[in-house]
*Asks:* 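Handing you a structure now.
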Amino acid sequence: MPEPILSIRKLTKRYGDNVIFHDLDLDVNEGDTIVIIGPSGTGKSTLLRCINLLTRSDSGQIWFSGKEITAKGTNEDRVRQQIGMVFQNFLLFNHLSALENVKLGLIKVKHFNKAAAEAKAMEELDRVGLADWAGHYPGQLSGGQQQRVAIARALAMDPRIMLFDEPTSALDPELIGEVLEVMRSLSLDGMTMMVVTHEMGFAREVADRIVFMEKGSIVEEGSPNEMFNRPKFERTREFLWKITELYGKKDHGEE
Amino acid sequence: MAFLKLYFCGQKYCLLVLPVIRQELKGENLDFLTLLKYIAEGTAYTLGVTVIALPSGLLIGTLLAFLYVYGGKGIGKVMNVYSTVMRGIPPLVLLFLLYFVVSKGINLSGFWAGSISLGIVSSAYQMEIIRGALLSVGNDQLMAARAVGLSRKQAIVNIVLPQALRLAIPPWSNEAAIIIKDSSLVYALGVPEILRRAQLIGASTQQPLLAYLSAALIYFVLVTVTNRLLNMLEKKLTVPSNH
């Protein structure tokens, strides 16, 4: 068994008296796609934000490629450069074109020269099928296209792991498929991914492991087969049934 | 004492200039164009005061706005006090107060003292404009930039600032118009700008209505042209969008 690329140990996050999650343990192996599901308000998004240090956890440790990134004196910027993040509401830089969005990190963080950054950025846009839209601004793109640019922007930094925080929740139903398609092919290419989503079709087909979180704890985790067909807990079965009823029926044709 | 000095500076100027005008134009009924031409010669001063006050106010205001928004609670409170005080006092009163302070330290002409003072007054308003713009760009953009790996400083400079400055153009063009008009206040320090010249020639030719109408016309043209230019700038910088 290889060492996991990401290990979370006894991670706890509170806002005041409000415990978001507590004593969370989770391992992610290189190349795996982990799908995190659970009712809203159970700390899934906060967990992702803690992993790339956008939010500070209160106690516990996160180990990322052999280093404890929750340790004091960690260079946060250096850590984030290796962790790609995709947000629910895209968060493209509104004043920059698709190409400039992808290029920015390469120039400012990785110190690519202009030509190299441009070439790399075009490559990434091509990967998400948007090479023809490079000169368009976020306001000129559909939600699905914006999210694909956001994925390209994260990929351009050559991250070791990609975090997706409900990447399709803000999209019109007919635009969800194109984003899931990009994510599926990323997963097939061997990218390590952690995905918070309600898309059960995606979870069932792409996930190596599904993690069910509720009220700040991991209730159960297992392969899609285990989780969907013979969950250990009644609560897991109940949630999966409900969410499949809600989202799974319009499966955007990816089943 | 300084106020007396100030007053006398103004008086001395009057005494020096008025006789000159009187000799040239005394009692004559001037036509509108001659009046206008005479008053318009003050435009250089009006523009000069504006060109000094507006950018220096922008520079100070922007710096203070950054401190206000990103400097933590303590600094934010200090900025809030600065803003409240500066905006709670009539600009003319502040002009005299600042002129008093500034001219104690360094020997400045009324023009420079007035311009700098007006810039400081304006900095409080411009701070609020930039602060509002920074806040409406929002923390999400900052977070997205940091997620890419940019440092906080890089994220603010490359992502937040360019968007905030675009948002700030419409309220800023309002402030620009106010400063052009408020530049007339430096007449109280004896600077021969538009209003001052209108007053002088109006008194000496006994055509105050025509004189002040001329001044009004010049101010109106200056403000309108400035607003037009800033509108064009705003259009030019607008990020293309379908929505």
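Below, chains carry the letters A, B, ... as their sequence lines are ordered, and counting in each starts from 1. All values below come from the heavy atoms of this structure, side chains included, with hydrogens, waters and symmetry mates left out.
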*Asks:* Hey, is NZ on Lys108(A) packed in by over 12 heavy atoms from elsewhere, all under 6.0 Å?
*Replies:* no
*Asks:* Counting heavy-atom pairs closer than 4.5 Å to chain A, which one of Ala147(B), Pro162(B), Pro240(B) comes out on top?
*Replies:* Pro240(B)
*Asks:* About how many Å separate CG of Asn158(B) and CG of Leu96(A), when rounded to the nearest 0.5 Å?
*Replies:*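 Taking CG in Leu96(A) and CG in Asn158(B), the distance rounds to 8.5 Å.
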*Asks:* With only heavy atoms counted, which part of Gln141(B) is less than 4.5 Å from chain A, the side chain, the backbone, both or neither?
*Replies:* both
*Asks:* Using every non-hydrogen atom in the two residues, find where Gly139(A) and Ser241(B) come nearest and quote the distance to one decimal.
*Replies:*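 That would be O-OG, 3.5 Å.
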*Asks:* Determine the option with the most heavy-atom pairs under 4.5 angstrom with chain A, choosing from Arg166(B), Arg152(B), Met143(B).
*Replies:* Met143(B)
*Asks:* Measuring only between side-chain heavy atoms, which start at C-beta, is Val148(B) closer than 4.5 Å to Phe93(A)?
*Replies:* yes
*Asks:* In terms of heavy-atom contacts, does CG of Asn139(B) have more than 12 from other residues, nucleotides or ligands at under 6.0 Å?
*Replies:* no
*Asks:* Taking side chain as C-beta onward, heavy atoms only, is Leu150(B) less than 4.5 Å from Val109(A)?
*Replies:*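 Side-chain contact under 4.5 Å: yes.
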*Asks:* Write out, in numerical order, the residues from residues 57-84 of chain A with a heavy atom short of 4.5 Å from a heavy atom in chain B.
*Replies:* Asp77(A), Arg80(A), Gln81(A), Ile83(A)
*Asks:* Are side-chain heavy atoms of Asp140(B) and Asn89(A) found at a separation under 4.5 Å?
*Replies:*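 Touching, per the 4.5 Å side-chain cut-off.
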*Asks:* So which of Leu163(A), Asn94(A), Asn52(A) has the biggest tally of heavy-atom pairs under 4.5 Å with chain B?
*Replies:*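 Going by pairs under 4.5 Å, I would pick Asn94(A).
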*Asks:* Heavy-atom cut-off 4.5 Å, strictly under: side chain, backbone, both or neither for Phe87(A) against chain B?
*Replies:* side chain
*Asks:* If we only count heavy atoms from C-beta on, is the His95(A) to Ile159(B) side-chain gap below 4.5 Å?
*Replies:* yes
*Asks:* Please flag which part of Leu53(A) lies under 4.5 Å from any non-hydrogen atom of chain B: side chain, backbone, both or neither.
*Replies:*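 For Leu53(A), neither part sits under 4.5 Å from chain B.
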*Asks:* So with a 6.0 Å cut-off around CH2 of Trp172(B), is the heavy-atom count from everything else above 12?
*Replies:*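 Count over threshold, so yes.
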